[in-house]
Amino acid sequence: QVQVVESGGGLVQAGGSLTVSCAASGSVGRIRAMAWYRQSEGKERESVASISITSGGITGYADSVKGRFTISTNKHTVYLQMNSLKPEDTAVYYCNAETWPMGNNYWGQGTQVTVSS
């Protein structure tokens with residue numbers, strides 16, 4: 001079993017910056033990838049950024065955040081640095097950990113990010 005806990009959400013002005021964190025615990029040796037997702041009210045959850053834990057390589061960014069957001073990891077803690085925030089970035093941001101060998105996924109409780117206009 002793996003637990004992931006997000007932190008760092010809050011209220012920020014448009015154009016500002018914020019970094020959210022995701023700490024994984026439990027069977028962390030089985031984690032092969034971690035990712036950030038977000039979900040706005042009334043919309044589907046979407047992938048924001050993902051990173052390989054085994055290689056450290058970034059595996060993807062959503063087109064809407066490229067050039068503004070940066071994902072990184074250190075000791076099974078994953079960070080999402082968000083710059084030049086826009087009101088449309090307002091969402092609950094969720095952390096996901098994927099384990100091997102069967103690709104099980106574990107979700108955190110989410111952290112609210114609100115960008116004011």
Side-chain angles (χ1 to χ4, degrees):
Q1 296 276 40
V2 171
Q3 292 182 357
V4 290
V5 179
E6 304 97 333
S7 62
L11 176 65
V12 63
Q13 287 270 24
S17 298
L18 196 66
T19 298
V20 290
S21 302
C22 173
S25 61
S27 300
V28 294
R30 293 190 176 272
I31 298 173
R32 64 184 178 188
M34 296 184 72
W36 285 98
Y37 289 72
R38 67 185 182 186
Q39 186 170 19
S40 301
E41 294 296 332
K43 295 185 177 181
E44 295 288 325
R45 188 172 299 185
E46 64 174 348
S47 176
V48 177
S50 58
I51 189 167
S52 169
I53 298 301
T54 53
S55 73
I58 298 169
T59 53
Y61 286 106
D63 288 341
S64 59
V65 307
K66 286 181 179 177
R68 300 189 298 119
F69 290 11
T70 303
I71 189 170
S72 62
T73 184
N74 180 47
K75 296 183 179 179
H76 297 103
T77 297
V78 174
Y79 306 92
L80 185 68
Q81 181 179 335
M82 302 179 287
N83 298 323
S84 302
L85 283 162
K86 304 174 181 179
E88 52 262 44
D89 295 318
T90 296
V92 178
Y93 283 71
Y94 294 93
C95 183
N96 173 268
E98 183 183 43
T99 58
W100 59 265
M102 293 183 290
N104 294 324
N105 286 279
Y106 298 87
W107 295 93
Q109 81 288 351
T111 186
Q112 175 71 233
V113 173
T114 302
V115 184
S116 62
S117 59

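- Taking 4.5 Å as the limit, some side-chain heavy atom of V92 sits within range of a side-chain heavy atom of Q112.
- Looking at E6, its side chain does come within 3.5 Å of a backbone N or O of Q109 through a donor-acceptor pair.
- Under the 4.5 Å side-chain criterion, counting only non-hydrogen atoms from C-beta, V78 is in contact with I71.
- Here the closest non-hydrogen pair linking C95 and V4 is O-CG2, 3.8 Å.
- The shortest non-hydrogen separation linking G10 to L18 is N-CD2, 3.8 Å.
- Residue pairs that meet the ring pair (Phe, Tyr, Trp, His ring centres under 6.0 Å) test with at least one member in residues 45-88, sequence neighbours left out, do not exist here.
- At a threshold of 4.5 Å between non-hydrogen side-chain atoms, the residues S17 and Q81 do not count as touching.
- Among T90, T111, L80, V65, the one residue that satisfies the side-chain contact (heavy atoms from CB on, under 4.5 Å) test with R38 is V65.
- Atom CD of Q1 has 12 or fewer heavy atoms from other residues, nucleotides or ligands within 6.0 Å.
- Among residue pairs with one or both ends in residues 67-80, those qualifying as salt bridge (charged side-chain N to carboxylate O under 4.0 Å, His left out) are R68-D89; sequence neighbours excluded.
- The shortest distance between side-chain heavy atoms of M82 and V12 does not fall below 4.5 Å.
- A distance-only check finds no donor-acceptor pair linking the side chain of S40 to the backbone of K43 [under 3.5 Å].
- The closest side-chain heavy-atom distance from I53 to V28 is not below 4.5 Å.
- Side-chain N or O atoms of T73 include one that pairs as donor or acceptor with a backbone N or O of T77 at under 3.5 Å.
- A donor-acceptor pair shorter than 3.5 Å can be found between the side chains of Q13 and S116.
- Listed by first then second residue, pairs satisfying ring pair (Phe, Tyr, Trp, His ring centres under 6.0 Å) with a partner in residues 91-117 read Y37-W107, not counting sequence neighbours.
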